[in-house]
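I have placed the structure first, in the form of structure tokens, so that the comments after it can refer back to it.
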Amino acid sequence: MTTAPWRDPALPAATRVDDLLARMTLEEKTAQLYGVWVGAATDGDGVAPLQREMTAGSFDYEWSALVTLGLGQLTRSFGTAPVDPALGARALARAQRRIIAAGRFGIPAIAHEECLAGFTAWQATAYPVPLAWGAAFDPPLAEELGRRIGNDLRSVGVHQGLAPVLDVVRDPRWGRVEETIGEDPYLVGTVGSAYVRGLESAGVIATLKHFAGYASSTGARNLAPVRAGVREFADVTLPPFEMALREGGARSVMAAYNDTDGVPASADPRLLTGLLREEWDFEGTVVADYFGIGFLQTLHKVAGTEAEAAHLALAAGIDVELPTLRCYGRPLVAAVRDGVIPEALVDRAARRVLLQKCELGLLDEDWTPEPAQEGPIDLDSTANRALARRLAEESVVLLDNPDGALPLAPDTRIAVVGPRAADALAMLGCYSFPSHVLTHHPEVDLGIAIPTVLDSLRAELPDAKVTFAEGCDVSDPDTSGFEEAVARAAEADVCVAVLGDRAGLFGRGTSGEGCDVTDLDLPGVQAGLLDALVSTGVPVVLVLLTGRPYALGRWHGRLGAVVQAFFPGEEGGPAVAGVLSGRVNPSGRLPVSVPRVPGGQPWTYLQPPLGLAGEVSNLDPTPLYAFGHGRSYTSFAWEPTSPPSAELPTDGSHDVTLTVRNTGDRPGTEVVQLYLHDPVASVTRPDVRLIGYRRVDLAPGESRSLTFHFHADLSAFTDREGARVVEPGALELRLAASSAEVRAVTRLELTGPVRRLGPDRVLRCETEVD
């Protein structure tokens with residue numbers, strides 16, 4: 001028996017794919033360019049707006065006839081409805097066997113799923129949201145998270161994960177802030193790249209999203225136009241994607257929904273081909289965000305027909321239409337047959353898809369879709385939960401504790417009040433399976449154990465007398481519960497007020513995709529509830545379970561303590577309770593600034609001089625708690641050990657060193673941050689920006705030495721001509737506990753010519769701890 005060259009694993013992948021493409025019909029090639037969402041609802045909006053309208057046409061295709069041509073992707077067979085993991089794995093395997101048996105070439109589909117804060121499947125671990133990853137400032141832990149999620153995906157037959165989100169927060173009123181890692185591109189890039197490395201190490205394709213500019217939408221409205229300037233786009237939006245490709249090894253990129261300066265990302269060849277492939281040498285696949293190609297016709301109005309939308313997207317560089325076929329199906333085939341769309345564009349995209357399938361082993365004759373194990377599949381293992389607990393504990397931020405209200409005494413009287421205290425869903429973001437899908441299946445249980453803050457605090461402090469009153473709903477205006485809440489608080493030694501968000505989708509929550517807000521006041525009447533609790537005179541410990549920062553200046557100086565957790569996942573209750581009891585010494589740091597006032601100041605810390613407080617405006621945008629801020633139950637002393645000044649060429653490097661000592665009486669973790677200040681540049685620059693950081697664990701009395709290896713490339717920015725340059729002149733490297741808490745300064749003088757940098761520039765400040 002002679003094996004065709006495309007089946008021969010001994011041959012180079014490019015040779016195999018070229019042989020296969022030459023044998024395929026136009027219809028078979030286009031079949032590799034779309035997915036099929038078998039579980040998508042056509043009788044309602046499902047999990048997303050316009051789902052019914054955008055999927056209805058795809059069901060004109062009979063499955064049995066469709067798969068005779070082959071199939072590029074299978075969309076969310078686990079993430080659309082609750083299904084037992086083992087049964088789902090067997091069902092996916094059956095679907096793959098049918099695809100293999102039906103087509104001339106027997107090529108299976110790539111199965112993809114969401115994995116933003118864990119595998120979005122029933123009974124799978126719900127980890128903290130990415131904003132909590134940012135708060136942990138711990139890339140190695142993010143890498144472990146990605147690896148563990150990837151292993152779970154692979155165990156049920158999934159090849160591609162639609163994560164991470166690398167959008168940099170530009171306006172915290174945007175609903176999807178919870179999905180981001182933070183407001184600083186270096187933090188987003190380093191943590192996001194680590195997650196990518198973990199996911200890819202498990203053999204799962206990581207998909208970077210949303211490329212690019214999505215978080216810079218006008219007015220913080222979902223899908224609103226982006227009007228960012230060239231330098232903001234180059235210096236804030238793009239670096240995390242470049243880092244995740246170069247250092248993370250991501251093999252897929254998802255085109256964003258937005259348009260920038262009038263050009264939709266899904267129809268932008270300069271972005272998806274010129275920058276991504278020609279400048280950055282990306283060789284993987286570009287996939288559409290769900291319905292993004294169809295939106296070129298229906299929302300952006302840059303295409304008049306499905307075929308025109310397909311042409312724009314293919315020419316720009318989108319290889320795969322997701323979640324199902326609309327434009328890359330019959331409309332594309334007909335346009336190619338009519339000579340309107342060059343078949344070469346189909347060949348280009350199909351080649352990329354087939355190369356990826358070759359990498360995954362899907363072109364090998366011995367590939368099997370069967371699950372690796374028989375019997376039950378545990379997607380919420382003890383090891384998973386331990387990792388979820390560790391990440392949750394590291395991500396909790398102690399914002400304030402001025403009078404030592406925390407830790408709580410073990411035998412005190414505690415009134416727990418608030419709409420987030422006794423609700424398991426208070427722990428979860430909008431892309432968790434319970435929040436994303438189970439709202440459509442109220443008859444189905446959560447599938448995982450999620451201890452609430454109330455239950456966890458009772459378990460944490462068994463000798464305390466704990467009472468509870470909800471007080472109000474998250475978003476309902478009813479205040480009738482205030483009276484009981486105030487009564488419980490007045491009877492207690494301390495009141496723990498657990499307030500925050502309800503994650504949801506498209507207006508069904510206070511945080512999440514399509515849940516944008518007009519200002520940063522606490523949702524509903526929760527601010528009024530907090531006022532009423534404070535008025536009792538009983539110390540109030542505010543615990544926030546949110547997907548974004550909220551303005552807290554109204555209560556500054558009036559609260560016993562403030563604890564911030566960003567949707568900390570299924571183990572978030574015990575993590576928060578551990579911080580309240582003192583079992584956990586908080587080490588989280590803010591990945592986003594916390595504003596002082598709720599309205600009129602959509603602000604991140606990356607501001608040039610005129611973006612800061614000054615005499616030119618009566619409005620002061622200075623945050624109440626700065627980016628990078630976080631307190632501990634112990635204390636630390638910093639001793640700089642490197643010279644306070646140095647000179648180096650514009651292609652040189654310099655080490656910044658210090659010793660950190662735990663001067664308290666309990667173990668703790670300090671997060672040492674390094675910021676860059678550029679006093680004079682040819683274009684305005686942020687006053688400070690993060691260029692390095694490191695977590696340091698220290699026992700009482702212990703000290704450790706840190707070294708930051710600064711390279712001049714880290715001072716680069718985009719100049720007036722659009723080139724990335726390093727300019728000679730003065731710089732300051734600021735060792736700091738936050739962007740506003742500087743502990744030591746090293747002054748540098750860069751000498752020599754202006755340097756133009758290419759894609760091989762240094763992206764990260766390496767650190768060492770002795």
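In this text, all values refer to a predicted model and were calculated from it rather than measured experimentally.
For Asp259, the side chain to side chain contact (heavy atoms under 4.5 Å, CB included) partners are Pro225, Pro264, His300, not counting sequence neighbours. Residues satisfying the side-chain hydrogen bond (donor to acceptor under 3.5 Å, both in side chains) criterion with Arg246, sequence neighbours excluded, are absent altogether. The side-chain hydrogen bond (donor to acceptor under 3.5 Å, both in side chains) search around Arg94 returns none, not counting sequence neighbours.
Contact detail for Leu505 and Cys430: the closest heavy-atom pair is CD2-SG, 4.1 Å.
Within a 6.0 Å sphere centred on CD of Glu283, heavy atoms belonging to other residues, nucleotides or ligands number 12 at most. For Asp364, the CG atom counts as densely surrounded, since its 6.0 Å shell holds more than 12 non-hydrogen atoms of other residues, nucleotides or ligands.
Atom CD of Glu27 and atom CG of Leu66 lie 12.0 Å apart (nearest 0.5 Å). Taken to the nearest 0.5 Å, the CZ atom of Arg326 stands 14.5 Å off from the CG atom of Leu332. Here the OG1 atom belonging to Thr3 is positioned 7.0 Å from the CG atom belonging to Asp8, to the nearest 0.5 angstrom. Taking CD1 from Ile149 and CD from Glu113, the interatomic distance works out to 13.0 Å, rounded to the nearest 0.5 Å. Atom OG of residue Ser432 and atom CG of residue Leu438 lie 8.5 Å apart, to the nearest 0.5 angstrom.
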Can you list the steps and then say if Glu343 with Arg348 is a salt bridge (Lys or Arg N to Asp or Glu O under 4.0 Å)?
-> CA-CA 9 Å; Glu343 189 169 353; Arg348 183 179 71 172; over 6 Å; no
Can Thr218 and Arg227 be said to form a side chain to side chain donor-acceptor pair (under 3.5 Å), step by step?
-> CA-CA 7 Å; Thr218 304; Arg227 300 188 176 103; 3.0 Å; yes
Could you give me the CA-CA distance, side-chain angles and deciding distance for Leu314 and Tyr328, then say whether side-chain contact (heavy atoms from CB on, under 4.5 Å) is met?
-> CA-CA 9 Å; Leu314 263 183; Tyr328 278 13; 3.5 Å; yes
Given the rule in the salt bridge (Lys or Arg N to Asp or Glu O under 4.0 Å) test, do Asp18 and Arg351 qualify, once you have shown the distances and angles that lead to the verdict?
-> CA-CA 8 Å; Asp18 287 343; Arg351 190 173 193 276; 2.8 Å; yes
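Note on residues 262-272: pairs passing salt bridge (charged side-chain N to carboxylate O under 4.0 Å, His left out), not counting sequence neighbours, are Asp268-Arg270. Identified under the salt bridge (charged side-chain N to carboxylate O under 4.0 Å, His left out) test for residues 311-321, with sequence neighbours left out: Arg277-Asp319, Asp319-Arg352.
Between Trp133 and Tyr195, the ring centre distance stays below 6.0 Å.
In this structure, Glu308 contributes its side chain and Gly304 its backbone to a donor-acceptor pair below 3.5 Å. Between the side chain of Thr273 and the backbone N or O of Ala316 there is at least one donor-acceptor pair closer than 3.5 Å. At distances below 3.5 Å, at least one donor-acceptor pair connects side-chain atoms of Thr368 with backbone N or O atoms of Glu370. A donor-acceptor pair is defined here as one N or O able to donate and one able to accept, closer than 3.5 Å; such a pair exists between the side chain of Arg16 and the backbone of Trp6. Put simply, the side chain of Ser252 never gets that close to the backbone of Ile205: no donor and acceptor are under 3.5 Å apart. Between the Thr80 side chain and the Arg76 main chain, a donor and an acceptor come within less than 3.5 Å of each other. Remark: side-chain polar atoms of Ser216 are not paired, donor with acceptor, to backbone N or O of Ala228 under 3.5 angstrom.
Between the side chains of Arg148 and Asn384, a donor-acceptor pair is found at a separation under 3.5 Å. No hydrogens or angles considered: nothing links the side chains of Glu247 and Ser193 as a donor-acceptor pair under 3.5 Å.
Partner of Phe119 under the ring pair (Phe, Tyr, Trp, His ring centres under 6.0 Å) criterion, chosen from Tyr431, Phe78, Phe433: Phe78.
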Mind listing the side-chain donor-acceptor pairs of residues 287-296 below 3.5 Å, one per line with the distance, residues two or more places apart or on another chain?
residue	atom	partner	partner atom	Å
Asp289	OD1	Tyr257	OH	3.3
Tyr290	OH	His112	NE2	2.8

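Under the 6.0 Å distance and 45° angle rule, Lys29 does not count as a cation-pi partner of Phe105.
Taking the six-membered ring where the residue is Trp, Trp174 and Tyr214 present perpendicular rings, their angle passing 60° and hence far from 30°.
A salt bridge does not link Glu374 with Arg90: none of the charged nitrogens is closer than 4.0 Å to a carboxylate oxygen. Salt bridge annotation for Glu179-Lys209: absent, with no cationic side-chain nitrogen under 4.0 angstrom from a carboxylate oxygen. Under a 4.0 Å N-O distance rule, the pair Arg330/Glu306 does not qualify as a salt bridge.
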